[in-house]
Amino acid sequence: MGRHVVLGLGNILNMDEGVGVHALKMLAAHLPDESDVEFIDGGTLGLNLLPLVEASSYLLLLDAVSAGREPGAVVELQRDEIPLYSGVKLSQHQATFQEVLGLASIRGKLPAALHLIGVQPADLSVGVGLSPVVAAAVPDVVARAVAKLSEWKLTSEA
């Protein structure tokens with residue numbers, strides 16, 4: 001049985017690029033007693049995350065996603081909808097993480113349960129904190145993450 005991981009991605013020094021990390025912290029605070037779930041700040045570790053991805057049976061990704069939507073829009077992608085290579089860029093650091101997913105897929109080790117919950121960024125400039133519109137979307141990201149973990153039967157919350 002593999003690891004059950006919620007992975008927050010992004011650079012918290014580039015405003016909304018860090019939304020995945022901020023959402024991860026809020027989710028971990030909301031579910032403090034879920035010992036079967038690991039909450040991991042993946043930051044911008046890129047290829048260094050390959051062993052973690054390949055060791056996971058359940059992997060929930062939280063991130064900024066450039067999906068051409070209005071700023072603050074929450075986007076969910078199922079396993080087969082997530083672009084695995086850098087040809088489709090989700091965010092500034094994502095090209096490297098997409099390559100991680102692509103490599104895991106090629107090696108036959110992409111988690112069967114893989115889901116992405118992201119937010120369309122409004123401001124990717126250098127700075128700390130989230131823009132107001134993206135900050136307002138974080139509770140929705142957390143609620144959707146709780147729902148996905150519940151669907152996967154990894155949490156007692158509904």
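Positions are given from 1 along the sequence.
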- Message: Please determine whether side chain to side chain contact (heavy atoms under 4.5 Å, CB included) holds for the pair L149 and Y58, giving the CA-CA distance in whole Å, both sets of side-chain angles, and the decisive distance to 0.1 Å.
- Response: CA-CA 9 Å; L149 293 172; Y58 291 89; over 6 Å; no

In Å, rounded to the nearest 0.5 Å, how long is the span from [atom1] of [X] to [atom2] of [Y]?
X    : Y    : atom1 : atom2 : answer
L27  : F39  : CG    : CZ    : 4.5 Å
K109 : L103 : NZ    : CG    : 11.5 Å
L31  : S150 : CG    : OG    : 10.0 Å
L116 : L77  : CG    : CG    : 5.0 Å
I117 : D140 : CD1   : CG    : 8.5 Å
L50  : R107 : CG    : CZ    : 5.0 Å

Considering all heavy atoms of both residues, which atom of [X] and which atom of [Y] are nearest to each other, and what is their separation?
X    : Y    : answer
L154 : V37  : O-CG2, 3.5 Å
A104 : V53  : CB-CG1, 3.9 Å
V142 : A23  : CG2-O, 3.8 Å
L110 : L101 : CD1-O, 3.6 Å
H4   : D36  : ND1-OD2, 2.9 Å
E17  : L124 : N-CD2, 3.5 Å

- Does the side chain of F97 reach to within under 4.5 Å of the side chain of L61, using non-hydrogen atoms?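 Heavy-atom side-chain distance check passes, below 4.5 Å.
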
- Item | Audit row: L7, L60, side chain to side chain contact (heavy atoms under 4.5 Å, CB included) steps and yes/no | CA-CA 6 Å; L7 184 60; L60 178 58; over 6 Å; no

Donor-acceptor pair, side chain of [X] and main chain of [Y], under 3.5 angstrom:
X   : Y    : result
D41 : G43  : yes
S56 : L52  : yes
D16 : L130 : no

- Task: Give the C-alpha distance, both sets of side-chain angles, the deciding distance and a yes or no for side chain to side chain contact (heavy atoms under 4.5 Å, CB included) between Q78 and D80.
- Result: CA-CA 6 Å; Q78 301 288 341; D80 295 333; 6.0 Å; no

Using a 3.5 Å cut-off and no angle test, enumerate the donor-acceptor pairs between side-chain atoms of residues 67-76 and protein atoms at least two apart in sequence or in another chain.
residue : atom : partner : partner atom : Å
E76     : OE1  : H115    : NE2          : 2.5
E76     : OE2  : R144    : NH1          : 3.0

- Start with the C-alpha gap between V19 and D63, add the side-chain angles, then the distance that decides, and say whether side chain to side chain contact (heavy atoms under 4.5 Å, CB included) holds. CA-CA 6 Å; V19 69; D63 200 1; 5.6 Å; no

Would [X] end up clustered with [Y] when hydrophobic side chains under 4.5 Å apart are linked, directly or stepwise?
X   : Y    : result
V21 : V134 : no
I82 : V5   : yes
L47 : L114 : yes

- Query: Is there a donor in the side chain of T44 and an acceptor in the side chain of N11, or the other way round, less than 3.5 Å apart?
  - Reply: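 No, because no side-chain N or O of T44 sits under 3.5 Å from a partner of the opposite role on N11.
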
